[in-house]
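Below is one structure, written out as structure tokens; comments come after it.
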Protein chains: 2
Amino acid sequence: MIRVVVVDDEHLVRAGLRLILEAAEDITVVGEAADAAGALEQAHRLRPDVVLLDVRMPGVDGLTVAPEVVSAGPKVIMLTTFDLDEYVHRALRAGAVGFLLKDTPPRELAAAVRTVAAGNAMLAPTVTRRLISSFAERGPARRDAARQRLAPLTARELEIVREVARGLGNAEIARRLTMSEATVKAHVSRALAKLQAGNRVQLAILVHDADLL
Amino acid sequence: MIRVVVVDDEHLVRAGLRLILEAAEDITVVGEAADAAGALEQAHRLRPDVVLLDVRMPGVDGLTVAPEVVSAGPKVIMLTTFDLDEYVHRALRAGAVGFLLKDTPPRELAAAVRTVAAGNAMLAPTVTRRLISSFAERGPARRDAARQRLAPLTARELEIVREVARGLGNAEIARRLTMSEATVKAHVSRALAKLQAGNRVQLAILVHDADLL
DNA sequence: GATCACCCCTACCCGCCGTCGGGGCCGGAT
DNA sequence: ATCCGGCCCCGACGGCGGGTAGGGGTGATC
């Protein structure tokens with residue numbers, strides 16, 4: 001049985017959500033709250049599996065308490081009428097694993113609760129779309145260029161260069177990979193030549209731009 | 001009516017997908033393909049609304065043709081058995097707006113087709129979860145943390161550390177800022193102490209994470 | 001099966017990096 | 001005025017970083 005707490009300032013909305021969720025055999029609403037303080041209190045006392053948290057609330061809003069609610073244990077699904085980018089960003093950074101619009105059909109709402117209770121995530125389709133595009137448009141130019149440049153490296157060389165990019169010294173790398181320090185230097189040296197780099201710092205920059213860590 | 005093309009090298013899978021999708025009143029499968037070339041041809045000739053594209057295929061795989069299929073017009077949903085990060089990243093950057101596992105229930109599969117046809121996106125819950133976490137870790141969180149760490153540096157030190165992060169050597173930095181190389185070393189050394197870093201590489205990493213260039 | 005090419009490893013030499021100690025300068029506190 | 005602390009600057013030592021030359025192993029081509 002999945003235990004849920006519903007948080008919204010309008011009791012009509014709370015009642016509606018409760019009705020929808022209780023209709024599912026495997027879901028039970030164990031508590032309700034009308035504001036941020038209530039949400040926190042219930043999260044700590046009832047230890048629910050999932051908290052449905054409204055974004056807009058008088059006083060402290062849902063996005064602001066979200067981090068604390070999350071750290072109290074439960075999975076958090078944010079609920080809102082508008083899927084503003086601002087909301088989504090804050091919610092996801094706060095650790096929410098769900099972001100749904102209030103016009104979500106009952107069936108999908110229940111499905112979302114099950115999904116997050118199982119450790120996965122569920123977003124409204126419009127939100128997913130934006131998240132994807134912001135992910136895809138996140139300067140693939142530089143990253144791809146960096147990966148292109150790193151391509152000529154052999155597997156072993158790349159492995160070592162990645163350690164370099166973590167800020168490790170040659171001796172440390174040798175220790176971790178169980179090889180001679182001289183060998184590490186040789187690999188680094190070849191990598192420098194292949195990539196036309198002068199420093200190991202430039203190697204580190206490349207690896208970072210390529211998002212390899 | 002949503003017009004769909006199904007691409008998979010196993011005809012059994014194609015038949016299954018066709019069966020599932022045709023069961024929906026508002027969806028029709030207008031074509032099938034068994035490889036990358038066929039997928040491209042059908043995408044151009046039939047101009048479907050949605051293409052279901054298998055990731056693993058003999059010859060050119062799904063991820064590789066995905067960009068071309070996308071640019072041909074249709075919305076692309078990638079299908080796979082395993083949700084490897086590698087797959088997901090490539091798919092999303094290729095412009096796919098869906099990424100589903102092959103064990104997706106029929107009802108959700110049809111729902112996904114409708115969702116992407118409507119201009120939105122649909123990911124498998126496990127994929128959504130990873131995308132969110134990679135988004136959260138990537139956001140301004142890291143950048144702000146890095147800036148926090150760089151805060152104790154003096155203006156001059158930061159100026160020099162930024163040059164270090166560009167991959168320049170001490171001699172070069174000295175030349176550009178018209179000072180002795182020994183001075184550069186001193187600044188770098190103090191920066192290392194303040195930031196509890198062992199290498200200049202670690203300085204470079206911090207500056208990069210802080211987005212200062 | 002010999003050649004070739006590539007990758008991985010190792011040993012020695014020199015230049016750069018980083019530490020240590022110290023000097024000149026300015027602003028605020030006693 | 002003096003002291004003090006912070007910032008910027010400099011010169012000289014030890015150690016790490018990088019260049020060079022070369023040996024052993026493996027797979028492809030013929």
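Chain letters run A, B, ... following the sequence lines, proteins first and then strands; every chain starts at 1.
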Pull out every protein N or O sitting under 3.5 Å from an N or O of nucleotides 21-27 of chain D, one pair per line with the distance.
none

Specify the separation, in whole Å, of atom CD of A:Glu163 and atom C1' of D:dG17. 17 Å

Would you say B:Met1 and B:Ile27 make side-chain contact, with heavy atoms under 4.5 Å? no

In whole angstroms, the gap separating C1' of D:dG15 from CD of A:Glu172 amounts to 16 Å

Do the side chain of B:Thr28 and the main chain of B:Val30 share a donor and acceptor less than 3.5 angstrom apart? no

Verify the neighbour count for atom CG of B:Leu12: are there more than 12 heavy atoms of other residues, nucleotides or ligands below 6.0 Å? no

In degrees rounded to 10°, what angle is found between the helical axes fit to the five outermost pairs at each end of the helix from C:dG1-D:dC30 to C:dT30-D:dA1? 30°

Give the first and the last nucleotide of DNA chain C, reading 5' to 3', that has any atom under 4.0 Å from a heavy atom of chain B. C:dC17 to C:dT19

Check B:Ile160, B:Leu158, B:Val164 against B:Arg162 for a side chain to side chain contact (heavy atoms under 4.5 Å, CB included) and give me the one that passes. B:Leu158

Check whether more than 12 heavy atoms from other residues, nucleotides or ligands sit under 6.0 Å from atom CZ of A:Arg107, and answer yes or no. no

In whole angstrom, give the distance that lies between atom NE2 of B:His187 and atom P of D:dC10. 9 Å

Starting at the 5' end of DNA chain D and moving along, which residue's nearest nucleotide shows up first, B:Met179 or B:Asn199? B:Met179

Which atom of B:Gly169 lies closest to which atom of A:Asn199, heavy atoms considered: N-ND2, 3.9 Å

What is the distance, rounded to the nearest whole Å, between atom CD1 of B:Ile173 and atom P of D:dC9? 13 Å

Does any N or O in the side chain of A:Thr154 come within less than 3.5 Å of the main-chain N or O of A:Glu157, such that one atom is a donor and the other an acceptor? yes

Considering only heavy atoms from C-beta outward, does the side chain of A:Asp85 approach that of A:Arg130 to under 4.5 Å? yes

Value in whole Å for how far the C1' atom of D:dG15 lies from NZ of B:Lys185: 12 Å

On the nucleotide D:dC8, are OP1 or OP2 found under 4.0 Å from the side-chain N or O atoms that B:Thr183 carries? no

Assert: residue with more 5' nearest nucleotide on DNA chain D, out of A:Ala182 and B:Ala155, is B:Ala155

For B:Arg45, does the CZ atom have more than 12 heavy-atom neighbours from other residues, nucleotides or ligands under 6.0 Å away? yes

Let me know the distance between CZ of B:Arg200 and C1' of D:dC16, rounded to the nearest Å. 12 Å

B:Val76 and side chain to side chain contact (heavy atoms under 4.5 Å, CB included): which single residue from B:Leu53, B:Val97, B:Val65 fits? B:Leu53

B:Leu192 CG to D:dG15 P, in whole Å, measures 18 Å

A:Val201 pairs by side chain to side chain contact (heavy atoms under 4.5 Å, CB included) with which of B:Gln202, B:Arg200, B:Arg166? B:Arg200

What is the distance from CG of A:Leu195 to P of D:dG18, rounded to the nearest Å? 13 Å

